[in-house]
Chemist: 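Below you will find the structure I want to go over with you.
Numbers restart at 1 for each chain; the letters A, B, ... are given by sequence-line order, proteins then strands.
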Number of protein chains: 2
Amino acid sequence: MSGPDRDTQANRALRALRDRIFDGTITGGARLYEVALSETLGLSRTPLREALGRLEQEGLVDRAEGGGFMVRRFSFADVVDAIELRGVLEGTAARLAAERGADSATFARMRAVVTELDSAVPGDPRALRFDRYVALNDEFHALLAVLCGSTVIRRELERATGLPFASPSAFLAVQEEVPAFRRSLGLAQAQHRAAVEAIGRREGARAEAILREHAQIARANLEYVLAEDRRLIPQVPGLALVKH
Amino acid sequence: MSGPDRDTQANRALRALRDRIFDGTITGGARLYEVALSETLGLSRTPLREALGRLEQEGLVDRAEGGGFMVRRFSFADVVDAIELRGVLEGTAARLAAERGADSATFARMRAVVTELDSAVPGDPRALRFDRYVALNDEFHALLAVLCGSTVIRRELERATGLPFASPSAFLAVQEEVPAFRRSLGLAQAQHRAAVEAIGRREGARAEAILREHAQIARANLEYVLAEDRRLIPQVPGLALVKH
DNA sequence: GATGCCAGGGATGTATACATCATGGTTCGG
DNA sequence: CCGAACCATGATGTATACATCCCTGGCATC
């Protein structure tokens, strides 16, 4: 096997740590002691440190004063900012795709995805095909990151959506769960469609505005969860690691 | 000494590698062999790998297929995109500062910096105090990253301006060198002033637009260098590592 | 001549022992 | 009683030896 996802000790440590941070086993602000962790995970300090370095890249872990690592602490304000950032960057990706011209094969696939999404969000919300919606939604956003052909933009977008609660599908579970929000899936899909239209017509400003607003759906969901139904918190990936 | 900038072997390696990449000693696309490098730099592979990991964070180095690292290759299109990205992120920082309210101490200092910049860019371009301008310009942009109080935004902005040619002062040397561009220092300063005004008046959209346009000065300088005077390329930090 | 296999060399991945440094408590002097 | 220096402890930082894996080139086979 080749590629950066080989089954190496460092990758094992990376996955294990990510899991423990996401599910709250390791709580925000906690210091990560290398010897203890390496014993817990059953590997040596060398690959563990490698994994910690990569977690720093992902933004889940920070370097402590005087050496060592600690789990990054997130507030709900950070989640709002991360959502805002995603909107800004996706908006930029869309605008550049419109201005510079979208890669035609990618754009064709994006059109197809939007059409398929239509069938996943039928008029009757009870007929929602949720898993299919999530997969197609992820693909739409992945295509968007690639659409304008800029490595710089793509990398930045991938980094920004790396935090679990900033992912384009982070709050979809909430939307499925809460009947009042099922409707907003239709809104989101209308925005997908409008974005494709704007990019196709090379209307950069419109494309940008649409994707910024698109991200705000996530913010609305977040605010609903916080204000109305905190039991949903564990349903949203990564929200468990936010201190509240 | 404390903090993350201790004088450790890994930091030494980091600085040494950065230097060699910036000045073109190690050319873009080159594979970084760990044993050879560790012998050259006079340290062991462990801190060297640590440094390589951090260079990956900075975006100067990529992981190769099947393990190992290689120097990232940049095109001039990448430089344009990095400048665009900086504009977008600085614009966002300014908009959020306007919308949410700027931290008052930071904002006061920013006003002061702009006033001091005025004295560094006098009406007569021959009286330019260049070093002072560079220092104050750097401070202005650093303050901007902090102004809205969002850790998420600040980190992203710092990352995006980490690439040397995306730094706010990357092209200042060109502007000093080329008489035709000295004037644009005055334009830049007018934008600094306008940005402060817009943020103070909580005019978010205007603040965002100003900082986006502000970044375009760098793009203009880049295009001048490419089209008119390629001898200036080595003068711009990091432009040496762009393949042409 | 093309293709697939195998072996060898050289690279990265990992473990571990050792060096160094940060920190907190204790003791001694003022 | 307070402060500063020192020392013990346990953490991270580093070197190095070893394990593993990838790639290349040559050879045999089809």
Side-chain angles (χ1 to χ4, degrees), chain A residues 1-21 25-73, chain B residues 1-21 25-73:
Chain A
M1 188 200 284
S2 196
D5 297 329
R6 300 195 326 249
D7 194 22
T8 162
Q9 293 286 64
N11 281 330
R12 250 190 292 282
L14 184 62
R15 285 193 302 268
L17 286 173
R18 252 201 300 245
D19 289 347
R20 283 162 204 239
I21 292 173
T25 307
I26 306 180
T27 164
R31 180 76 180 265
L32 296 166
Y33 294 101
E34 298 176 3
V35 272
L37 260 185
S38 67
E39 282 163 10
T40 305
L41 301 179
L43 35 78
S44 82
R45 282 178 58 213
T46 308
L48 174 62
R49 291 183 59 130
E50 168 84 27
L52 287 171
R54 296 201 211 162
L55 283 174
E56 190 195 7
Q57 282 195 303
E58 294 183 18
L60 291 176
V61 148
D62 273 335
R63 277 174 205 276
E65 290 291 306
F69 294 89
M70 49 197 319
V71 179
R72 185 162 162 203
R73 215 194 285 269
Chain B
M1 189 203 282
S2 195
D5 296 329
R6 281 176 319 174
D7 192 24
T8 161
Q9 295 284 64
N11 281 330
R12 250 191 291 282
L14 184 61
R15 285 194 302 269
L17 286 173
R18 254 201 299 245
D19 289 347
R20 282 162 205 240
I21 292 173
T25 307
I26 306 180
T27 164
R31 180 77 180 265
L32 296 167
Y33 295 103
E34 297 176 4
V35 273
L37 260 184
S38 67
E39 282 163 10
T40 304
L41 301 179
L43 36 78
S44 81
R45 281 178 58 214
T46 309
L48 173 63
R49 292 183 61 136
E50 169 83 26
L52 288 170
R54 296 202 210 160
L55 282 173
E56 190 195 7
Q57 286 200 0
E58 295 183 18
L60 290 177
V61 149
D62 273 335
R63 277 175 205 275
E65 291 288 310
F69 294 89
M70 50 198 319
V71 179
R72 185 162 161 205
R73 216 192 283 269

Chemist: If you only use heavy atoms from C-beta on, which nucleotide in C:dA15, D:dG13, D:dT14 is closest to the side chain of A:Pro47?
Modeler: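 Selected nucleotide (nearest to the side chain): C:dA15.
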Chemist: Please give, in whole Å, the distance from D:dG13 C1' to A:Arg63 CZ?
Modeler: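 For the pair A:Arg63 CZ and D:dG13 C1', the rounded distance is 11 Å.
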Chemist: What is the distance from CG of B:Asn11 to P of C:dC21, rounded to the nearest Å?
Modeler: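 Answer to the nearest Å: 13 Å.
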Chemist: Between C:dT12, C:dT14, D:dT12, which one does the side chain of A:Tyr33 approach most closely?
Modeler: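 For A:Tyr33, the side-chain atoms sit closest to D:dT12.
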Chemist: Looking for any heavy atom pair under 4.0 Å, which part of the strands does B:Leu52 touch: base, sugar-phosphate only, or nothing?
Modeler: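 The residue B:Leu52 makes no contact with any strand.
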Chemist: Which nucleotide wins on minimum distance to the side chain of A:Ala10, given the candidates C:dT12, C:dT14, D:dA11?
Modeler: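 The answer is C:dT14.
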Chemist: How long is the line joining CZ of B:Arg45 and P of D:dG13, in whole Å?
Modeler: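 It works out to 19 Å between those atoms.
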Chemist: For the pair made of CD in A:Glu50 and P in D:dG13, what is the distance, rounded to whole Å?
Modeler: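 It is 14 Å, rounded to the nearest whole Å.
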Chemist: Which is it for A:Thr46 and B:Thr46 under the side chain to side chain contact (heavy atoms under 4.5 Å, CB included) test, yes or no, and what are the steps along the way?
Modeler: CA-CA 8 Å; A:Thr46 308; B:Thr46 309; 5.6 Å; no
Chemist: Quick check: on DNA chain C, is the nucleotide nearest B:Gly68 upstream (toward 5') of the one nearest A:Ser44, or the reverse? Name the residue that is more 5'.
Modeler: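 Upstream on the strand: B:Gly68.
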Chemist: In whole Å, what is the span from the CG atom of A:Asp7 to the C1' atom of C:dT14?
Modeler: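 It is 14 Å, rounded to the nearest whole Å.
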Chemist: Figure out the CD/P separation between A:Glu65 and D:dT12, and round it to whole Å.
Modeler: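 My rounded result for the distance is 15 Å.
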Chemist: Less than 3.5 Å between a donor and an acceptor, one on the side chain of A:Thr46 and one on the base of C:dT16, is that the case here?
Modeler: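 Pair found.
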Chemist: I need the single residue from B:Leu48, B:Asp62, B:Ile26 that forms a side-chain contact (heavy atoms from CB on, under 4.5 Å) with B:Leu32. Which is it?
Modeler: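 Only one of B:Leu48, B:Asp62, B:Ile26 forms a side-chain contact (heavy atoms from CB on, under 4.5 Å) with B:Leu32, namely B:Ile26.
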Chemist: For A:Glu50, is there an ion pair with A:Arg54 - N to carboxylate O distance below 4.0 angstrom?
Modeler: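 Result for this pair is yes, salt bridge flagged.
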Chemist: More than 12 heavy atoms of other residues, nucleotides or ligands under 6.0 Å from CZ of A:Arg12: yes or no?
Modeler: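 Buried by this count: over 12 neighbours within 6.0 Å.
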Chemist: Of the candidate nucleotides D:dA15, C:dT12, C:dA15, which contains the atom at the shortest distance from the side chain of A:Gln9?
Modeler: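 Closest of the options to the side chain of A:Gln9: C:dA15.
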Chemist: For B:Gly59, does its backbone N or O pair with a side-chain atom of B:Arg72 as donor and acceptor, under 3.5 Å?
Modeler: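 Yes; judged by distance alone, with no hydrogens or angles, the pair exists.
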Chemist: Using the side-chain heavy atoms of A:Arg49, tell me which of these nucleotides is nearest: D:dT12, C:dT12, D:dT16.
Modeler: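 Nearest to the side chain of A:Arg49 among the choices is D:dT12.
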Chemist: How many whole angstroms separate atom CG of A:Leu48 from atom C1' of C:dG13?
Modeler: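 Those two atoms, CG and C1', are 14 Å apart.
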Chemist: From the set C:dT12, D:dT14, D:dA15, return the single nucleotide nearest to any side-chain atom of B:Leu43.
Modeler: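 Out of C:dT12, D:dT14, D:dA15, the nucleotide with an atom closest to B:Leu43's side chain is D:dA15.
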Chemist: Between C:dG13, D:dT12, C:dA11, which nucleotide has the shortest distance from any of its atoms to the side chain of B:Arg31?
Modeler: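 The answer is C:dA11.
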Chemist: For the pair made of CE in B:Met70 and P in C:dT12, what is the distance, rounded to whole Å?
Modeler: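 Checked: the CE to P distance equals 12 Å.
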